[in-house]
Amino acid sequence: MSGQGFSVYVGNAPFQTSEEEIGNFFSNVGNVTNVRIVYDRETGRPRGFAFVEFADEAGAQKAVQELNGAEFNGRQLRVNLANNK
DNA sequence: TATGAGCGC
């Protein structure tokens, strides 16, 4: 059925936010194993979204349920299951 | 000193 992995897509994130802050925030719903902020290859600026990887898929799904729409540094986060390439 | 939908080094 679902081929989705343990990574979640985090959109609408503040431009000035570190992976540590994101990991700390998502650590509330599960065991975060990795956080990757997506930067632009051409300019090097943050593109405004990131990916958070969880140790378990349950943590990823809980992050979607609990943190999707949650406020983070004044922005409302968009959390969804990542494509997991 | 910037920007704001969307899926990646």
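The chains referred to below are lettered A, B, ... by the order of the sequence lines, with proteins before strands, and numbering in each begins at 1.
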Can you see which heavy atom on [X] is nearest to which on [Y], and at what distance?
{"X": "Tyr39(A)", "Y": "Ile37(A)", "value": "CD1-O, 3.2 Å"}
{"X": "Ala13(A)", "Y": "Leu77(A)", "value": "CA-CD2, 4.0 Å"}
{"X": "Ala60(A)", "Y": "Phe6(A)", "value": "CB-O, 3.5 Å"}
{"X": "Gly11(A)", "Y": "Phe49(A)", "value": "CA-CB, 3.7 Å"}
{"X": "Val79(A)", "Y": "Val8(A)", "value": "CG1-CB, 4.1 Å"}

Please give, in whole Å, the distance from [N] [atom2] to [X] [atom1]?
{"X": "Asp40(A)", "N": "dG8(B)", "atom1": "CG", "atom2": "P", "value": "12 Å"}
{"X": "Arg75(A)", "N": "dA5(B)", "atom1": "CZ", "atom2": "P", "value": "11 Å"}
{"X": "Gln76(A)", "N": "dG6(B)", "atom1": "CD", "atom2": "P", "value": "15 Å"}
{"X": "Asn68(A)", "N": "dC7(B)", "atom1": "CG", "atom2": "P", "value": "15 Å"}
{"X": "Asn12(A)", "N": "dA5(B)", "atom1": "CG", "atom2": "C1'", "value": "9 Å"}
{"X": "Asn83(A)", "N": "dC9(B)", "atom1": "CG", "atom2": "P", "value": "13 Å"}
{"X": "Glu19(A)", "N": "dC9(B)", "atom1": "CD", "atom2": "P", "value": "12 Å"}
{"X": "Phe51(A)", "N": "dC7(B)", "atom1": "CZ", "atom2": "P", "value": "8 Å"}

Hey, which of these two, Ile37(A) or Gly11(A), hits DNA chain B nearer its 5' end, going by closest nucleotide?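 That would be Gly11(A).
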Nearest-nucleotide 5' precedence on DNA chain B, Gly48(A) against Ala82(A):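 Closer to the 5' end of DNA chain B: Gly48(A).
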Examine Phe25(A) together with Phe72(A) and report whether their ring centres are nearer than 6.0 Å.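 Close enough - the centres of the two rings lie under 6.0 Å apart.
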Provide a list of protein-nucleic acid N or O atom pairs under 3.5 angstrom, restricted to nucleotides 1-3 of chain B.
residue : atom : partner  : partner atom : Å
dA2(B)  : N6   : Arg45(A) : NH2          : 3.0

Asn80(A) has a side chain; which of dG4(B), dC9(B), dC7(B) sits nearest to it?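 Nearest listed nucleotide: dC7(B).
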Choosing from dC9(B), dG4(B), dC7(B), which nucleotide comes nearest the side chain of Arg36(A)?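 The closest nucleotide is dC9(B).
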Measuring from Leu81(A):CG to Ser7(A):OG, what's the distance to the nearest 0.5 Å? 9.5 Å
Between the base of dG8(B) and the side chain of Tyr9(A), is one N or O donor paired with an acceptor at under 3.5 angstrom? no
